[in-house]
Amino acid sequence: MSSDYIPFSPPSIGADEIDEVVDTLHSDWLTTGPKTRRFETEFRDYLQAPGALALNSCTAGLHLSLASLGIGEGDEVITTPMTFAATANVIEHVGARVVLADVQPDTLNIDPDQVAAKVTARTRAIMPVHYAGHPADMDEIDAIAEQHGLYVIEDAAHALPAAYRGQPIGSRNHLTAFSFYATKNMTTAEGGMLTGPTEVLDQARNLSLHGMSREAWRRYEQGGTWKYDIVAPGFKYNMTDIQAALGIHQLRRLAGFHQRRLEIVRQYNEAFSAQGLLAVPEQRPYVSHAWHLYVLRLVTDRVAVTRDQVISELQQRNIATSVHFIPIHLHSFYAGKYGFAPEDFPVALDSYQRMLSLPLNPRLTDTEIGRVIDAVVDVVSAGQYRMAA
Ligand SMILES: *Cc1c(COP(=O)(O)O)cnc(C)c1O
């Protein structure tokens, strides 16, 4: 990799994280133990959540949410096509059916009107994703859930720290799953946290470690007992203390990371709003946006280059980009099983075809931000020139 390469989302790991991991390695406890408990407590307090359960991924949190609520065979779960495959995959894992509702054109979050139209007698839950870190329309989603007696499970993989009408995402009484995957706003390499009502989290905690009876994880502690009982066929989803060692310090640095993301977004928005060739990401006035992703959309009737051409031009200039996301209904498994056509979710399809995500992470220097801006403006307006010529 050449030294002037701008990666998409490199981790920001500091000396405190490294020291804490080393301390863990020198301790007698590597897997779920005192540091995992500490991380759970600090994360819960940070969000003022009712409770928190540390896991080995956000996917595990979403899967456990469905399993803990008893959602399965014969049930339907409504979610968005504009997400990573994990959100839909877990619905398949419990044997329920994936029902997609198209997104809103401004935020690319699930559209409550589309959700309402998809509710049937079999619907059990709605799974909104706070796309890119912008909170979904929770008041409208809650109202639909209340009217039909549905659960709401929030995919908050992007939404740390974010708030909806002043309330932090993860602080409400919904099951909410966060991701600490390497590219996310804070990382434990792999990892996740599930927040929500304590009764459901107790059930999820049990299922996260084989379905062993309560407190069985203490069996190797002093005074622990060798006896345990399997009360349900659970999973292996627990977080390790090595991961928690990273998480404890990443959480402390989150506010600083967030400030830097806001500054980068300010510079990007200012640069890209000007020419009218690019739609910059929108933020509604009543939310606090986590800015996990910076997603641009080409204004296709004014730009002569395609999204794929922009990505390859930027790649040639040593700038990494990505696309979030290939909508769920375009993947062969989902298209095959459910018979989805690309046009079934027109807003998601149209946005997908003209979107790209730019590097947005606290390690970007001002020089790098300038390079990204110059390259994008150059590539996009060159396309306009070619069209005019
Ligand atoms: C990253 C991501 C996930 C999965 O997170 P893991 O921690 O890797 O399991 C789920 N949903 C969305 C929207 C994501 O971006």
Side-chain angles (χ1 to χ4, degrees), residues 8-11 36 39 43 52-67 77-94 98 100-101 103 107-110 125-136 152-162 169-170 174-195 204 208 235-240 242-244 246-247 250-251 261 281 289-295 321-331 334 348 351-352 355-357 360-361:
F8 184 70
S9 191
T36 305
F39 182 36
F43 194 87
L53 169 63
L55 298 164
N56 61 8
S57 72
C58 173
T59 308
L62 296 169
H63 185 194
L64 286 174
S65 296
L66 294 167
V77 178
I78 301 175
T79 192
T80 166
M82 193 52 84
T83 187
F84 183 57
T87 321
N89 287 351
V90 295
I91 301 170
E92 293 291 325
H93 293 338
V94 298
V98 174
L100 299 177
V103 293
T107 60
L108 301 183
N109 275 321
I110 198 166
I126 307 168
M127 279 175 69
V129 175
H130 304 298
Y131 176 83
H134 189 299
V152 177
I153 300 164
E154 300 177 42
D155 180 336
H158 302 174
L160 191 67
I169 295 297
H174 290 161
L175 289 169
T176 305
F178 293 92
S179 176
F180 309 132
Y181 180 64
T183 59
K184 296 289 164 47
N185 285 10
M186 59 171 268
T187 186
T188 60
E190 299 279 357
M193 191 76 79
L194 185 62
T195 62
S208 74
F235 309 98
K236 191 65 185 1
Y237 282 164
N238 54 305
M239 178 177 275
T240 70
I242 301 172
Q243 292 166 305
L246 290 167
Q250 287 273 292
L251 184 60
R261 298 182 105 89
H289 195 320
W291 290 111
H292 172 57
L293 299 174
Y294 189 86
V295 179
T321 56
S322 191
V323 172
H324 298 90
F325 291 94
I326 302 167
I328 296 296
H329 69 292
L330 300 185
H331 289 295
Y334 290 99
S351 289
Y352 161 64
M355 66 165 47
L356 74 156
S357 306
L360 174 57
N361 63 78

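Remember, it's 1-based here, ligands and their atoms both numbered in the order they're listed. The figures that follow rest on heavy atoms only: side chains count, while hydrogens, waters and symmetry mates do not.
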Exercise for review: Run through ligand 1 for me and note each protein residue having a heavy atom under 4.0 Å from it, chain first, then residue number.
Suggested key: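 Contacts of ligand 1 under 4.0 Å: Ser57, Cys58, Thr59, Thr83, Phe84, Thr87, Val129, Asp155, Ala157, His158, Ser179, Tyr181, Lys184, Gly191, Phe325.
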
Check your understanding: How are the rings of His134 and His289 set relative to one another: parallel (under 30°), tilted (30 to 60°) or perpendicular (over 60°)?
Key ->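 Rings of His134 and His289: perpendicular, over 60°.
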
Exercise for review: Kindly assign one of parallel, tilted or perpendicular to the pair Phe84 and Phe325, based on the angle between their ring planes and the thresholds 30° and 60°.
Suggested key: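 It falls in the tilted class, 30° to 60°.
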
According to side chain to side chain donor-acceptor pair (under 3.5 Å), who are the partners of [X], at least two apart in sequence or on a separate chain?
X: His324; answer: Ser357
X: His158; answer: none
X: Tyr352; answer: none

Check your understanding: Is Leu66 close to Ile91 at the side-chain level, that is, under 4.5 Å between some pair of heavy atoms?
Key ->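 They are in side-chain contact.
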
